[in-house]
Enquirer: 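Okay, here's the structure, questions in a sec.
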Amino acid sequence: MDYQPRSIEQKWQQQWVKDKTYRVELDANRPKYYVLDMFPYPSGAGLHVGHPLGYIASDIYARYKRLRGFNVLHPMGYDAFGLPAEQYAIQTGVHPAKSTAANINRYREQLDNLGFSFDWDREVQTCDPNYYKWTQWIFIQLFEHYYDQTSGKAQPISDLQGIFTKQGNANVKAATAQETIFTAAEWQSMDEKAQSDVLMNYRLAYRTVTYVNWCEALGTVLANDEVKDGISERGGHPVERRPMLQWSLRITAYAERLLNDLNDLDWSDSMKKMQANWIGRSEGAQLFFEVEGSDHKIEIFTTRPDTIFGATFMVLAPEHDFVPDLTTPEQQKTIEEYIAYANTRSERDRMADVKEVTGAFTGSYAINPFNDAKVPIYIGDYVLKDYGTGAIMAVPSDDDRDNAFADKFGLEIIDVIDKSNYPGATRSDKLGIMINSLFLDGMEVPDAIEEMLQRIESIGLGKRQINYKLRDAIYSRQRYWGEPFPIVYDEKGVAHAMKLEDLPLELPDSEDFKPASGAQSPLARITDWVNLPDGWTRETDTMPGFAGSSWYFLRYMDANNSNAFASQEAVNYWQDVDLYIGGTEHAVGHLMYSRFWHKFLYDKGLVPTNEPFKRLVNQGMIQGVIESIFLEKKDPQTDLRIVEPAIAEKESAEGKTFVPIPVLVDYVTEYGLESSHLTQVGLDQFRAWRPEYADATFVSKSGTYQNGVFTASNGGPLKFATQSEVGKMSKSKYNVINPDDVVERYGADCFRMYEMFLGPIEQSKPWDTKGIDGVSKFLRKFWNLFIRNDQFTISEEAPTKAELKILHTAIKKVSDDIERLSFNTCVAAFMVATNELTKVKCNKRAILEEMVLLLAPFAVHLSEELWQRLGHEGSVHHASYPVFNEAYLKEDEVEYPISINGKKRATAVFAADASKSDMEAAAVAIPNIQKWIEGKTVRKIIVVPGRMINIVVG
RNA sequence: GCCGAAGUGGCGGAAUUGGUAGACGCGCUGGAUUCAAAAUCCAGUUCCUUCGGGAGUGCGGGUUCGAUUCCCGCCUUCGGUACCA
């Protein structure tokens with residue numbers, strides 16, 4: 001009766017589906033627990049062994065909580081709208097709906113293979129109209145609300161219209177782009193279009209012209225978090241800044257709450273820091289500089305009002321509205337040339353040479369409000385249009401960039417801070433004593449900042465202000481495969497939200513999904529869909545990838561509800577996510593947007609909690625080994641074997657350099673692979689293919705490779721040498737390992753436990769099958785505890801004290817470690833217990849039954865099989881967790897390590913209740929210890945009961 | 001540059017509150033079993049050693065009876081971020 005994982009696993013997987021074992025219902029009598037995984041984007045490549053790492057961890061935790069009596073919500077779904085499916089469609093002509101459905105099926109098979117306890121009745125797919133109906137609905141809610149700073153929450157736009165009609169906007173404190181103040185009479189005299197334009201400045205979902213990240217290759221705009229290093233995160237295409245009419249979400253209205261509420265979350269510090277950095281709060285002053293000979297007042301933001309006497313010039317962003325007016329005729333040409341130059345620079349170019357400052361003089365001068373000094377006004381692209389006010393006062397003495405700019409243009413530098421008391425302080429540190437600053441002279445910098453803030457406010461020059469790096473989220477995509485906007489425009493171009501009863505607005509089925517050149521969405525070409533009666537038209541952009549994922553965790557609570565995004569009963573019961581497991585790559589995108597939407601729904605009273613994810617854990621990546629092979633040759637001169645690493649070149653500032661490869665291994669024999677598993681990736685370099693990609697043929701300068709034989713063009717013997725490095729698992733590196741293959745060979749229980757055994761869940765580590773045999777051996781050993789003479793045999797005898805100790809040590813260790821998500825040490829604890837039980841030949845029900853329960857969250861199939869063989873009717877996964885009893889761990893005697901000056905020299909066994917003085921005396925008497933004390937004075941003896949004894953001699 | 005995390009045997013890693021450093025597993029060595037191999041089982045496995053002992057958790061210092069753990073200063077690696085005024 002050998003352990004046969006595959007047949008056991010298939011049997012139970014089918015049984016669980018039949019019995020709906022993992023179905024979960026709202027049950028007000030039981031406490032809830034919500035364990036969530038970040039749902040996957042179903043890509044064409046399928047799951048590799050890295051994906052399930054987090055899913056296994058969350059599954060173990062969910063099962064543990066279930067055994068502990070919680071009503072556990074543990075769902076799964078698919079983030080199914082988005083760019084990759086569409087890119088694939090464009091390349092192959094396969095409709096995204098088709099390829100997405102096929103990918104989802106494949107993911108489901110792979111997931112099912114691993115024995116997860118998901119309640120599939122709650123599955124969501126973001127591309128399903130029944131789902132995105134509510135994505136559209138939430139968007140409409142955002143559209144129909146504004147952020148009222150007085151009440152500190154979102155309020156209906158209709159309220160705002162009421163206020164405007166009665167009193168204008170002067171007293172409204174709101175997150176808005178509206179600058180002009182109007183009276184009630186003025187509001188009433190506006191036509192519908194004008195009123196709608198004003199309201200747009202208040203709505204949480206609004207449409208306006210903004211500078212956006214335009215990606216020509218993808219034919220769409222991207223959100224800030226979808227752009228990395230000036231290129232698109234998806235595909236790596238160049239991105240440029242461009243003004244376009246776009247939908248945006250006013251996430252900045254929630255910046256302060258998004259920042260403050262991080263404090264109460266059980267997230268890693270680094271994750272909180274990442275979000276805090278992204279929000280980027282800074283305190284300072286907003287103030288105005290007058291311009292000589294002009295009515296314009298330049299508004300600036302500064303965190304260093306103390307340095308204003310050192311402000312020797314000003315810099316505006318090249319796109320700043322005042323630039324044309326401030327440019328003098330003499331400087332016209334220079335400025336135009338500079339703006340043209342700035343426009344040609346892509347984001348990537350700009351980032352590539354950050355150290356290089358560029359700019360141009362407008363010819364105009366501003367007046368320093370505190371000393372009436374005339375300071376020249378420049379433009380420069382190191383000043384960003386959309387941060388602060390797009391204009392700065394430049395203080396070259398205390399800011400590195402301003403300093404570089406002053407150097408380049410030969411501008412005056414006035415020292416205003418004496419840093420001599422602070423050696424090592426850098427230019428931008430807020431340290432030192434004010435000089436050359438009239439009334440500030442002699443003050444410390446922090447005091448000077450406060451003094452200036454007060455003066456600025458008291459003379460009405462400006463006010464204190466808080467600025468955020470966080471920008472509003474650009475919400476339009478000029479793509480096909482996304483949620484259509486539930487927005488229609490009337491003949492005057494006024495945007496109207498669709499009514500709930502008309503939702504979902506389904507994505508029209510079209511084969512014409514390629515992005516258009518220019519900024520037109522593919523939907524714009526489906527004219528009979530776009531054009532409505534009476535000259536009304538539909539919005540043709542679609543929503544971005546983060547739309548559907550910003551609220552999916554709420555839908556799981558009541559996934560099939562057609563009257564609401566989820567019933568209030570369900571939302572009030574399930575509340576929020578207790579444990580959320582997923583990758584760090586979503587640190588600022590998905591996690592920020594979800595928190596924003598959740599807070600908005602909270603303001604509306606639609607969800608009971610202020611934050612969606614109480615505890616967040618980021619699982620590490622499982623990396624692959626990237627194996628490269630080099631040709632090994634004989635050097636004709638020295639007759640030594642050499643490796644020619646023609647491809648191992650490094651590009652650096654000095655040009656290309658070649659790196660010698662130290663490894664000399666005959667790949668073919670060493671790894672037992674066949675040479676047909678090689679493919680050429682460079683002149684003399686090959687990559688090790690997995691068997692499923694076989695059939696390589698190539699011709700190179702060095703020779704010809706065909707049918708597994710390499711013939712060198714210059715004759716001579718050839719071998720392969722390999723070099724390996726650790727990196728991301730990716731199809732292009734031929735290092736993807738499919739979990740199905742591992743499961744086929746070792747079983748799903750072994751795969752699950754091995755992934756956990758690899759190391760801490762939060763750590764990244766390379767996949768390495770070397771250790772899997774250890775886990776496989778353990779499972780067989782555990783199974784064998786139940787087998788005597790090839791028969792399933794269980795003894796009803798009462799357990800011994802020693803056996804109970806083994807069991808309860810395991811119960812304590814495993815449950816403590818599960819609580820702190822330390823699954824690798826859980827597996828070790830199971831191994832220890834199993835080894836010990838094997839040693840004492842224990843097959844008693846009283847012990848093994850509890851062990852099966854303990855193991856159930858990990859080896860989900862094996863434990864179910866054993867549970868049944870032990871004679872139980874229901875599923876082990878609906879049983880209850882073993883109860884730990886401290887009494888079984890109590891020892892009569894304790895072994896103490898005895899140290900001399902902190903170094904262990906001997907051990908001694910004492911009764912558990914031995915007194916300190918007895919132990920001291922006995923310890924000193926031990927011969928081995930005597931030897932060390934001899935000729936020295938015992939100064940002190942420290943006895944930590946139950947722990948150790950330390951003798952201090954001198 | 002800034003922010004964050006981490007450096008422990010041949011390898012993955014353990015040590016939860018400052019208390020026996022190296023649990024557990026892989027690998028390796030020796031043995032049993034076998035015609036033989038696989039599998040299994042048993043023993044050993046941080047390094048050095050004159051076999052008394054000595055050294056040892058990235059490096060240098062400090063606090064402590066006692067430091068992988070706390071403090072100060074460095075080094076390295078990996079993530080994040082980047083003209084944010």
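Computed from a predicted structure; not experimentally measured.
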Enquirer: Do nucleotides 10-19 of chain B as a string where each nucleotide becomes B, S or -: B if the base has a protein heavy atom under 4.0 Å, S if just the sugar-phosphate does, - if no protein is that close.
Expert: --BSSSB--B

Enquirer: Hey, does A:Val383 reach any base, or is it just sugar-phosphate, or nothing, if we go heavy atoms under 4.0 Å?
Expert: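 Here A:Val383 touches the bases of the nucleic acid.
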
Enquirer: Should the pair A:Tyr64 and A:Tyr61 be assigned to parallel (<30°), tilted (30 to 60°) or perpendicular (>60°) ring geometry?
Expert: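 Ring orientation of A:Tyr64 relative to A:Tyr61: tilted.
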
Enquirer: Without decimals, in angstroms, what is the distance between A:Phe830 CZ and B:rG25 P?
Expert: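 Spelled out: CZ on A:Phe830 to P on B:rG25 is 14 Å.
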
Enquirer: Are A:Arg281 and A:Glu256 within salt-bridge range, i.e. N to O under 4.0 Å?
Expert: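 Salt bridge between A:Arg281 and A:Glu256, a charged N being under 4.0 Å from a carboxylate O: yes.
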
Enquirer: Looking at A:Asn835, I'd like to know whether one of its side-chain N or O atoms comes within less than 4.0 Å of OP1 or OP2 on B:rG25.
Expert: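 Yes, A:Asn835 has a side-chain N/O under 4.0 Å of OP1/OP2 on B:rG25.
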
Enquirer: Take atom CZ of A:Arg427 and atom P of B:rC83, then tell me their distance rounded to the nearest Å.
Expert: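 Spelled out: CZ on A:Arg427 to P on B:rC83 is 18 Å.
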
Enquirer: Using 0.5 Å steps for rounding, measure from the CG atom of A:Leu862 to the CE atom of A:Met753.
Expert: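 It is 9.0 Å, given to the nearest 0.5 Å.
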
Enquirer: Could you walk me through whether A:Tyr754 and A:Phe751 pass the ring pair (Phe, Tyr, Trp, His ring centres under 6.0 Å) test, one step at a time?
Expert: CA-CA 5 Å; A:Tyr754 181 57; A:Phe751 177 78; 8.3 Å; no

Enquirer: Closest heavy-atom contact between A:Ile949 and A:Met919?
Expert: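 Scanning both residues, the minimum pair turns out to be CD1-CB, 4.2 Å.
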
Enquirer: Under 4.0 Å from OP1 or OP2 of B:rG66: is there any side-chain N or O of A:Arg905 that close?
Expert: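 For A:Arg905, the contact criterion (side-chain N or O under 4.0 Å from OP1 or OP2 of B:rG66) is not met.
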
Enquirer: Taking the six-membered ring for Trp, are A:Phe830 and A:Phe858 parallel (under 30°), tilted (30 to 60°) or perpendicular (over 60°)?
Expert: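 Ring orientation of A:Phe830 relative to A:Phe858: perpendicular.
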
Enquirer: Can you measure from CG (A:Asp386) to NZ (A:Lys469) and round to the nearest 0.5 angstrom?
Expert: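 It comes to 13.0 Å.
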
Enquirer: How would RNA chain B look in dot-bracket form, 5' to 3', counting Watson-Crick and G-U wobble pairs with both distances under 3.5 Å and writing | for bases paired to another strand?
Expert: (((((((..(((......[....)))((((((.......))))))(((....)))..(((((..]....))))))))))))....

Enquirer: What do you reckon, is CZ of A:Arg745 surrounded by more than 12 foreign heavy atoms closer than 6.0 Å?
Expert: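 No, the 6.0 Å shell around CZ holds no more than 12 heavy atoms from other groups.
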
Enquirer: Send over the distance from A:Arg281 CZ to B:rC2 P, rounded to a whole Å.
Expert: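 Spelled out: CZ on A:Arg281 to P on B:rC2 is 23 Å.
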
Enquirer: With a non-hydrogen cut-off below 4.0 angstrom, is A:Lys273 in contact with a base, only sugar-phosphate, or nothing?
Expert: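 Here A:Lys273 touches the backbone only, sparing every base.
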
Enquirer: Taking side chain to side chain contact (heavy atoms under 4.5 Å, CB included) as the criterion, tell me which of A:Val375, A:Val383, A:Ile379 meets it with A:Met314.
Expert: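 Result for side chain to side chain contact (heavy atoms under 4.5 Å, CB included) with A:Met314: A:Val375.
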
Enquirer: Using the 3.5 Å cut-off, write out each protein N or O paired with an N or O of nucleotides 37-48 of chain B and the distance between them.
Expert:
none

Enquirer: Could you give the NZ-to-C1' distance, from A:Lys272 to B:rG4, as a whole number of Å?
Expert: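 From A:Lys272 NZ to B:rG4 C1': 14 Å.
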
Enquirer: Starting at atom CD of A:Glu283, determine the distance to atom P of B:rA85, rounded to an integer number of angstrom.
Expert: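 One finds 12 Å between P of B:rA85 and CD of A:Glu283, rounded.
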
Enquirer: Please give, in whole Å, the distance from B:rU81 P to A:Met592 CE?
Expert: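 Going from A:Met592 (CE) to B:rU81 (P), I get 11 Å.
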
Enquirer: Could you check how far CH2 of A:Trp278 sits from P of B:rG4, rounded to whole Å?
Expert: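 Distance, rounded to whole Å: 18 Å.
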
Enquirer: Judged by modelled atom types alone, do A:Glu762 and A:Gln619 share a side-chain donor-acceptor pair under 3.5 Å?
Expert: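 No, no side-chain donor-acceptor pair sits under 3.5 Å.
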
Enquirer: Report the distance from atom OH of A:Tyr746 to atom C1' of B:rC26, rounded to the nearest whole Å.
Expert: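 Interatomic distance, OH of A:Tyr746 to C1' of B:rC26: 12 Å.
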
Enquirer: Parallel, tilted or perpendicular, judged at 30° and 60°: which one describes the rings of A:Phe782 and A:Phe778?
Expert: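 Aromatic pair A:Phe782/A:Phe778 classed tilted.
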
Enquirer: For B:rG31, does the O4'-C1'-N9-C4 (purine) or O4'-C1'-N1-C2 (pyrimidine) torsion place it in syn, i.e. within 90° of 0, or in anti?
Expert: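 What B:rG31 shows is an anti base, its glycosidic angle lying more than 90° from 0.
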
Enquirer: Would B:rG53 be called syn or anti, given that syn covers angles within 90° of 0?
Expert: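 Anti for B:rG53; the angle lies over 90° from 0.
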
Enquirer: Could you check whether the rings of A:Tyr378 and A:Phe313 sit parallel, tilted or perpendicular, using 30° and 60° as the cut-offs?
Expert: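 Rings of A:Tyr378 and A:Phe313: perpendicular, as their planes differ by over 60°.
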
